[in-house]
Amino acid sequence: MRKISMREAVNEALHIAFNSDSNVFTMGEDIAVYGGQLRCSYDLLDNFGPERVRDTPISEMAIVGAGVGASMIGKRPVVELSYIDFIGTSFDQILNQAAKMRYMYGGHVNMPLVIRTQCGAGLGNGAQHSQSLEAILAHIPGIRVVMPSNAYDAKGLLLHAIRDNNPVVFIEHKALYKVKCEVPEEPYEIEYTPDVKRTGKDLTIVTYSAMVNRSLEAAELLQKEHGIEVEVVDVRALEPLDMEPIIRSVKKTNCAVIVHEACEKGGFGGELIAQIQQHTFKSLKAPILRVAAPNVPVPFAVNLEMSYLPDKTKITKAVMTCLENKKANA
Amino acid sequence: MRKISMREAVNEALHIAFNSDSNVFTMGEDIAVYGGQLRCSYDLLDNFGPERVRDTPISEMAIVGAGVGASMIGKRPVVELSYIDFIGTSFDQILNQAAKMRYMYGGHVNMPLVIRTQCGAGLGNGAQHSQSLEAILAHIPGIRVVMPSNAYDAKGLLLHAIRDNNPVVFIEHKALYKVKCEVPEEPYEIEYTPDVKRTGKDLTIVTYSAMVNRSLEAAELLQKEHGIEVEVVDVRALEPLDMEPIIRSVKKTNCAVIVHEACEKGGFGGELIAQIQQHTFKSLKAPILRVAAPNVPVPFAVNLEMSYLPDKTKITKAVMTCLENKKANA
Amino acid sequence: MNKEKLLDLYRMMVQIREFENECIELAKSNATRAAVHTYIGEEAIAAGVCAHMSNQDYITSTHRGHGHCIAKGADLEKMFAELLGREGGYCKGKGGSMHIADLATGNLGANGIVGGGIPLAVGAALGIQLDNKKNFVVSFFGDGAANEGSFHEALNMASIWSLPVIFVCENNEYGISTHVSKSTNIQNIAIRAMSYGIKGVVVDGNNILEVYEETRKAVDDVVSGQGPVLLEMKTYRMSGHYFGDNQNYRTKDEVNQWKEKDPILRCEQILQKEYDLTEEDLLTIRKNIRTEVLAASEKAKLQPEPMIEDLTGDLFDQKFADIEWKSFVKAQGKG
Amino acid sequence: MNKEKLLDLYRMMVQIREFENECIELAKSNATRAAVHTYIGEEAIAAGVCAHMSNQDYITSTHRGHGHCIAKGADLEKMFAELLGREGGYCKGKGGSMHIADLATGNLGANGIVGGGIPLAVGAALGIQLDNKKNFVVSFFGDGAANEGSFHEALNMASIWSLPVIFVCENNEYGISTHVSKSTNIQNIAIRAMSYGIKGVVVDGNNILEVYEETRKAVDDVVSGQGPVLLEMKTYRMSGHYFGDNQNYRTKDEVNQWKEKDPILRCEQILQKEYDLTEEDLLTIRKNIRTEVLAASEKAKLQPEPMIEDLTGDLFDQKFADIEWKSFVKAQGKG
Ligand SMILES: Cc1ncc(C[n+]2csc(CCOP(=O)(O)OP(=O)(O)O)c2C)c(N)n1
Ligand SMILES: Cc1ncc(C[n+]2csc(CCOP(=O)(O)OP(=O)(O)O)c2C)c(N)n1
Ligand SMILES: [Mg+2]
Ligand SMILES: [Mg+2]
């Protein structure tokens, strides 16, 4: 099968959506003529015209807010925040409008809105353009939070999100845009449920987004060098959060390591641990460990940024520690 | 000793701070003439004049942002967000400015800023005026997050926060404002460290803000009706988070229940559990349980709101379940 | 204006006033919980503006939203039921006074966030434009809200895309305790239209005829594609910010002076002088409306509370849209 | 203007230009990582504005902040070191191109958030006012930033309190790919001053003399308590939005036309025509400055990277302020 990058996969999903439903439109900063700061919306303007593909002023509150308003009357906007860091300038529209309206209005309003955005560090963008803020969003009842880890998942999850009648924040990691994998040309959807990206019996890594690849690298290494078989579960959707496959895996392996790029404190790892320990307490043979960024903003200098990021080495180390604990408690 | 309400205690701390350091000033919506939507800043205008006690336009971005700017040049602003829900309209200034600047600028900038605000449900204020959003703030490296549970703590923690050279979000629960306790007239400070509000050997409740009283009620009831001795630890500061007293307690009781008012998913309970299970794994005799709000916005109707809130009954039930598990695993 | 039309507007204003009077009664006994922000003194705006709107024309509203909601045609019993937190309320009791939406009448919802609804209105107007419809949107907000960033971003966006939206700034002189002269440095908020290259008009918001007429012009403009309009309605909040407000920020005198400009009083004067209605006629109208309003309130009070099992419902729509995905084959050499 | 003064301004502009040229060289080899937003074509603004400022006068800056930083008197080597992520950089390598602050020269920092610095400037101006000082603040931001809510809230707040702050909108016609005519519906952003009841002035931002003179007037105004001023500097970004920008949103022709209005070129013409400098004189100046700039870059390149142990440092100040709390005894019968 052909291999395409996650950027191409997102672009392809957008083309399919535009082609299939005339209610779908998109707006955001520099997305039309320029093809997006994320470079995911190229060709859309040419193929679907300036009514449905709109460059906006630099006004994130209005961008998200107009998306909310348009979706309330039946349109299916896909708005773009060029960096997730800009939830700062648009937060009220996410926190108090998009997320709350359906419940607050007694279920009488639907909101088929997708907010596409980009997260993550590693490319030297500095403290205000490199954050991983999914835990903030996942704590807000009323919005979906979806984070693909590869091109195949991105295409299927994005189409699923666009067909969702609820607001979805769709978070693409900037380091994944160029990564290619096999992606069918035809349309397909992927449900909001975790995916076991690698099976193993010794330990479960629960992870998502760019850290899936780092975890797979670590698993590979552990297998080769130590014969350790790590299972890697890609959460894919933080809301809805389907814990069943995760719990099943931990019940099998009896121990778990959580890996995410967001800083550790208050990160989504806490939620995963809270639920895992509650539902697998008796099978759990070691404390669940987290591999995450330290609790500081993302630094600029390349050596600092690299040591800031979770990587194969740190994951491997955590897995080894966890397995030692497991052995000690066996 | 005299008893005063938390509202009076906060007001007293503000008067002391204004009287002690001419760099301290305050601004916010309706805080001067009106004495604050939270009614905590009464008399300040009369006593310290309109230069230092300022009514602002309804412009939360500018309120917080001006606080950041003024603190960068050495002032000690205490700005007020009348409801924590309004971090929505000011989030960039918290997330990307206040929290990041010191680190991002290599430690060359100090920011003695206090953002006082109010959280919590129970009074029929509806979905956009009742939230508990501390977990969002505690996930942002670079800001302190402080949540007093009574008048005595509020006074001492607020003075400590005003003397802090770092940005502090000081969150007062609206249901606590009228609750009185003994508070000395003289100035004093309380450090950012958890406080054991009740000792007990059977189980540890880790909690903060308004849920401290609910937990103490539950503990009282459990003691009276079942002879169960619950230890109640009030976290008081989510950042810095001093885990030592919490871990010590759990190592003693071998089990824990976390209680917070924020909705469960992605709440700060996850962080507490992640750290507790890691550091007390071997002593832990039961899965740690959470008592928190369900994952929906705060409903308006009185019966819904009351059943939304964690209360004595739910806490008691969780404690009993946890203790049964403990017994089963003993 | 013909007599029947003006009488309709008058009835609408009275209906709003009586609704709010009853709200205050309910608030006194704490039946509404928390704050109830009444629209007393500002009724001419909602009545005069919404008189131009059909159910396919949308509004966004505010914390002070009862008047807008009623003028758009809401059912009073369902409104009271919501205020009382009953199952039959507009939001099944989940919203409360500040959060009533009624999609059937084009009401996209009241909003507890000052300025929060303005961008939503722009989005709805964008939807209308994309659908090539001839409808329009009205966004109501206060003088205080005009200092929120959302106001600025929304008006600018609506302007550059010539969207069919009327921004109605209800300048009632106060944002809670803060007089507009302390929160802005300009005589008229309408002047802010210049920042966006759109039309801005100052309107006597206590004069129902002027509100009606200026709105008509604005509707013509926005529907004919000439872009958004900002109407500044000069008015006054005759009651406290909410029931229970100590109003230490203004004098009784000031309030009393404005009571002489009560929009309902002024409408009655016109009806008597120019349309031959007698005081008795008017009294009858008021009494009848009052009776209806009270009946709605009484019926609402008898409604049951929401069921506790409903606490966690309504968060997400469980259904997905019926869309059949069609491949898009890109032109060669693109991308 | 006397010759020495103009020469100073000229030198400053050249210094900024040469700094940016060197940045592009560094960016070519990826030494600066991510985006470097150069100020080429806009130098007259930073030079002409900051010439009026002392180290006790503050600026807030933007993602396109090198020019402001240099004009405020920053050390070039420390700037280069920061861009290269070295320990000796302004932020110890933690900030990068978009985040240089230099409190010693009154630079409160560049900012990666468009519009993010404007409220900070208002706060600094408030601090100055509270301290009864005669200093002032300049907030630099772009045409695109003028559509952020923060712009609106900040200007309004500064106006009602008559704060000593000059808002300098650098209208370089583009926000990344979006021409200002597509993001606003007005001829001049300066007109937005009217929304706040403050002075708004359109300035030829490529004319150093005009920038200098109009800033002087604005400084007089704000320092004498007459409230903030909005200066719109008309200019053009001669380079791409960042190094690597494909610039598919504008024509070469357009860029070339603006190159004829290059502020440095224009300053050179004045220096030659009215101050008798020869082309050789100017060349010498440029060469000397270029040499200095390159030397700074070379020295920066030799600096060590930050130490990994420093990764988690600098987040919080561990010290608390030295304040001795004094009780406040309230007047009887209050509260
Ligand atoms: C973002 C936000 N800030 C502050 C508040 C608190 N608040 C509620 S109503 C109000 C005053 C609003 O004034 P205005 O817009 O003039 O409307 P009015 O109440 O006069 O109708 C304020 C400050 C809020 N609800 N939302
Ligand atoms: C809040 C926010 N939105 C969007 C961006 C992405 N962005 C970076 S620079 C820029 C263009 C800014 O335009 P302008 O204010 O005119 O400044 P210029 O780049 O022209 O100097 C944009 C959209 C950002 N950094 N911050
Ligand atoms: Mg008002
Ligand atoms: Mg620009």
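In the text below, chain A, chain B and the rest are named by the order of the sequence lines, each starting its count at 1.
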Chemist: Pick whichever of C:G89, C:G85, C:S97 has the most heavy-atom pairs under 4.5 Å with chain B.
Modeler: C:G85
Chemist: When you measure from the side chain of B:N303 to the backbone N and O of C:P306, does any donor-acceptor pair fall under 3.5 Å?
Modeler: yes
Chemist: Does a side-chain heavy-atom distance below 4.5 Å link B:Y83 with C:I113?
Modeler: no
Chemist: Which heavy atom in B:G124 sits nearest to a heavy atom in C:A34, and how many Å separate them?
Modeler: O-CB, 3.0 Å
Chemist: What's the spacing between C:I176 CD1 and B:E29 CD if we round to 0.5 Å?
Modeler: 7.0 Å
Chemist: Under 3.5 Å, is there a donor on one side chain and an acceptor on the other for B:D55 and C:Y249?
Modeler: no
Chemist: Count the heavy atoms belonging to other residues, nucleotides or ligands that lie under 6.0 Å from CD of C:E25, then report whether that count exceeds 12.
Modeler: yes
Chemist: Apply side-chain contact (heavy atoms from CB on, under 4.5 Å) to residues B:I58 and C:F151 and explain how you reach the verdict.
Modeler: CA-CA 11 Å; B:I58 310 177; C:F151 164 89; over 6 Å; no
Chemist: Below 4.5 Å, heavy atoms only, C-beta onward: do C:T178 and B:Y34 meet side chain to side chain?
Modeler: no
Chemist: Enter the distance from C:T312:OG1 to B:Y308:OH here, rounded to the nearest 0.5 Å.
Modeler: 12.0 Å
Chemist: Counting only non-hydrogen atoms closer than 4.5 Å, does B:F86 touch chain C with its backbone (N, CA, C, O), its side chain (CB onward), both, or neither?
Modeler: side chain
Chemist: Chain B heavy atoms under 4.5 Å from C:D245: which part of the residue, side chain, backbone, both or neither?
Modeler: both
Chemist: Taking every heavy-atom pair that is under 4.5 Å apart, which of C:V180, C:N248, C:T32 has the most such pairs with chain B?
Modeler: C:N248
Chemist: Got a sec: does the NZ of C:K299 have more than 12 other heavy atoms crowding it under 6.0 Å?
Modeler: no
Chemist: Within the structure provided, determine whether B:P299 and C:L311 are in side-chain contact (heavy-atom separation under 4.5 Å).
Modeler: yes
Chemist: With a 4.5 angstrom heavy-atom cut-off, which part of C:Y174 approaches chain B: side chain, backbone, both or neither?
Modeler: neither
Chemist: Side chain from CB out, backbone as N, CA, C, O: work out which of these in C:I308 comes under 4.5 Å of a heavy atom of chain B, or both, or neither.
Modeler: both
Chemist: Is any side-chain heavy atom of B:D30 closer than 4.5 Å to a side-chain heavy atom of C:H241?
Modeler: no
Chemist: Picking from C:T184, C:N111, C:L84, which has the most non-hydrogen pairs under 4.5 angstrom with chain B?
Modeler: C:N111
Chemist: Please confirm whether the backbone N or O of B:G122 pairs with a side-chain atom of C:R33, one donor and one acceptor, at under 3.5 Å?
Modeler: yes
Chemist: Taking the side chain as everything from C-beta on, heavy atoms only, tell me whether B:Q128 gets closer than 4.5 Å to C:H99.
Modeler: yes
Chemist: To the nearest 0.5 angstrom, please state how far the CZ atom of B:F300 sits from the CD atom of C:E82.
Modeler: 7.0 Å
Chemist: Please evaluate residues C:E148 and B:M61 with respect to the criterion side-chain contact (heavy atoms from CB on, under 4.5 Å), reporting the C-alpha separation (whole Å), side-chain torsions for both, the decisive distance (0.1 Å), and the verdict.
Modeler: CA-CA 8 Å; C:E148 283 281 359; B:M61 236 177 306; 5.8 Å; no
Chemist: Tell me, for B:L123 versus chain C, whether the close heavy atoms (under 4.5 Å) come from the side chain, the backbone, both or neither.
Modeler: backbone
Chemist: Does the side chain of C:E305 come within less than 4.5 Å of B:V302's, by heavy atoms?
Modeler: yes
Chemist: With a 4.5 angstrom heavy-atom cut-off, is it the side chain or the backbone of B:S307 that approaches chain C, or both, or neither?
Modeler: both
Chemist: If you count every heavy atom of other residues, nucleotides or ligands that lies below 6.0 Å from C:K319 atom NZ, does the total exceed 12?
Modeler: no
